[in-house]
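One-based numbering along the sequence shown. No hydrogens, no waters, no symmetry mates; every other heavy atom, side chains included, goes into these values.
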Amino acid sequence: MKSKSLSFFWIVTILYITVCIVFPLVCVALSVTPGDLKAVFSTDVWLTAMRNTVLECVCSSTLSVLVGYIFAYAVVKGDIPFSKIFRAVPIIHLVTPPFVGGLSFILLVGRQGFITKTLLGLDVSLYGFWGLLISQVLCFFPIAYMICAETLRGMNPNYEQAALGMGASRLRIFLTITLPLSLPGILSALLFIAVSVLSDFGNPMIVAGRFRVLAVEIYTQLTGWMNAGISASIGLVLVVPSVLLFLAQNSLVKKNAKKTATIGGKSQFLPSKKSSLPTRIFLTAFCIAVSLAVLLQFIAIIFGAFQKLWGIDTSFTLKHIQSVFNYSTELKNSVFFAFLGALISTFFACLSAFIVSRTDLKLKRCIDIFAQIPAAVPGSLFGLAFSLAANSVGFKNSAALIVIAISVGFLPFSYRIMTSVLSQIKTTLDDGATSLGAGKIRGLFTVLLPISSGGIFSSFLYDFVRGVGTMSAVIFLVSFKTPLTSIKILNLAEEGFWGKAASLALFLTVITFSVIGGGKIFAKLISGMRKREK
């Protein structure tokens, strides 16, 4: 017999998924007519956007994985100097507000860019496909790095040692052993990044120029032409490959998890042989180049915030930094909404993961699917879905819609973290709590969640940091009463106010890293207190 508290939280979870995920998607699907779909598939503009999106997805995903894998190989197996520093670069870049890459790209290689205009004296612009390709590779390679680095660390180096002892060259060992064993991680990274590229809104919006892609057209059609049907149709066209890629990636991750035991740990293995000198030189140079490209983005934002007019008048000024105080409402909203969204997302991630992995309640398979579905839906389409759903029921609270959009957008990440954390906790702890008279929910809040505090905190921190800079999912939901910093930065960049845009971006980046630093200090204090209690 199920306890009342367990039933209550199950109902709350079902309601959250139904109201905040299923209902908006149904609304956006119902807004599409056969005529809208016919127009999308018969108009040259949309067909071109589809071809561009496919080209962008293939090229950006492939290059991102290539850069991420080489970087991961260099750090994990390359025995290069300063590997600890290089290891931190992708992580730092991953938690940077997403619009920083696109904005800094224009400051560096735009028509008035520091590299193109100041250093090279060229009157050119990389707006379009090539600019989008470069900005997306720099944006998404950290994801490939994390997945591939984990795969490389899990390999049994004895295979490589044995091949080396039998006289195989290092190149042959890499091609016949290391690379084949890396393929599951590479494929997983490729599928995950492909979904992210298809959903990417900030980079195409800022640097794609006339290179049309579907994620931006969803926004353009509604705001520019007030055509909700065409906008929703474009979104549905984009959802189909996103969902298929997501399902393939999710299936691959589960298969790899089962194979981990066959690969084994590393504790009993011999240390790997050092790479050859030419290989280490190449890998070090590669890591330096990529790290400099990442570092240049931060430098561009900093210098852009203190120059009078980027690319024209480089004299020092504080007026852009001072202008940040004119946008205090945007900053407060961004931080407050991200905080609430992260709380809600982490809370329902914990409940969903618990129901799916620790109970036999009905619909837990549906909960598992819909808790992850937002990862496959472009943010701009979800923003449109929330807008249509709110209009259909006459709900006009913009702040609440923004908070819900943030919570839903990052639910899949939190859910995966909590599922992974709970899978590592033995079910005997649940049984022990039950034998002492505790119900399922009491066991969750008094036993499982305290043990999972590290994962919960990481989930909340990531959701908050990404929520502060979120753009695509909320761009349809902002109003004059609820402005956000990320949207203001986009507007300032489009209007050519680079100094103000850079200042706001710099300020938001400082907030982001301050929160991360404060979070780490807080986590260490809690850990120290627990050790002293023991």
Side-chain angles (χ1 to χ4, degrees), residues 1-26 188 192 243-244 246-262 342-377 404 407-460 462-463:
M1 182 178 179
K2 305 295 185 302
S3 66
K4 291 183 179 180
S5 58
L6 180 59
S7 299
F8 171 77
F9 283 107
W10 176 78
I11 292 172
V12 169
T13 303
I14 294 294
L15 283 175
Y16 173 77
I17 290 175
T18 302
V19 174
C20 299
I21 299 178
V22 178
F23 178 62
L25 291 178
V26 170
S188 179
F192 188 88
V243 170
L244 292 176
F246 170 76
L247 293 176
Q249 192 268 341
N250 201 35
S251 175
L252 185 64
V253 167
K254 290 181 179 179
K255 287 181 180 179
N256 287 342
K258 294 178 181 179
K259 293 179 180 179
T260 302
T262 65
L343 276 180
I344 295 172
S345 181
T346 303
F347 174 75
F348 281 104
C350 292
L351 280 182
S352 301
F354 172 74
I355 290 171
V356 171
S357 63
R358 289 302 222 259
T359 72
D360 57 354
L361 292 171
K362 295 179 180 179
L363 300 178
K364 71 174 190 176
R365 179 58 181 163
C366 292
I367 293 174
D368 179 51
I369 293 172
F370 282 102
Q372 299 181 74
I373 278 294
V377 179
I404 293 171
S407 73
V408 169
F410 301 110
L411 177 65
F413 179 84
S414 296
Y415 175 75
R416 285 189 173 184
I417 286 182
M418 294 312 304
T419 301
S420 176
V421 170
L422 290 178
S423 68
Q424 297 171 13
I425 301 175
K426 294 182 178 180
T427 55
T428 52
L429 291 176
D430 304 53
D431 298 335
T434 302
S435 66
L436 292 172
K440 284 278 188 181
I441 293 298
R442 187 174 181 183
L444 170 66
F445 286 103
T446 60
V447 178
L448 297 180
L449 293 188
I451 295 175
S452 309
S453 59
I456 294 172
F457 187 71
S458 297
S459 167
F460 171 80
Y462 179 87
D463 291 353

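Side-chain atoms of Trp10 come within 3.5 Å of backbone atoms of Lys362 as a donor-acceptor pair (strictly under, hydrogens ignored). With hydrogens and angles disregarded, a donor-acceptor distance shorter than 3.5 Å links the side chain of Lys364 to the backbone of Thr359.
Taking all atoms of both residues into account, the shortest heavy-atom contact from Gly409 to Pro412 is O-CD, 3.7 Å. Across all their heavy atoms, Ile417 and Gly455 have their closest contact at CG2-O, 3.6 Å. The heavy-atom pair separating Val408 from Pro374 by the smallest distance is O-CB, 3.4 Å. Smallest separation of non-hydrogen atoms from Ala349 and Met418: O-CB, 4.0 Å.
Rounded to the nearest 0.5 angstrom, Arg416 CZ and Leu411 CG are separated by 11.5 Å. Separation of atoms CZ (Phe413) and CZ (Phe410) is listed at 10.0 Å; rounding is to 0.5 Å. Atom SG of Cys20 is separated from atom CG of Leu15 by 9.5 Å, given to the nearest 0.5 angstrom. We find the OG-CD1 distance between Ser414 and Ile456 to be 10.5 Å, quoted to the nearest 0.5 Å. Atom-to-atom distance recorded for Asp463:CG and Ser458:OG is 10.5 Å, nearest 0.5 angstrom.
Contact check for Ile373 versus Leu25: side-chain heavy atoms found under the 4.5 Å cut-off. Between Ile344 and Ile404, the closest side-chain pair of non-hydrogen atoms is not below 4.5 Å. Two residues are said to be in side-chain contact when any heavy atoms from C-beta on lie closer than 4.5 Å; Phe9 and Ile355 fail this criterion. Side-chain contact between Tyr415 and Val356 is present, with at least one heavy-atom pair separated by less than 4.5 Å. Between Leu363 and Phe370 the shortest side-chain heavy-atom distance does not fall below 4.5 Å.
Partners of Phe348 by ring-ring contact (aromatic ring centres under 6.0 Å, His included), not counting sequence neighbours, listed by chain and number: Tyr16.
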### Message
Quick one, Thr13 with Phe347, criterion side-chain contact (heavy atoms from CB on, under 4.5 Å). Give me CA distance, side-chain angles, the key distance, then yes/no.
### Response
CA-CA 10 Å; Thr13 303; Phe347 174 75; over 6 Å; no
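At a cut-off of 3.5 Å, with distance as the only test, no side-chain donor of Ser345 or Ser407 sits close to an acceptor on the other residue.
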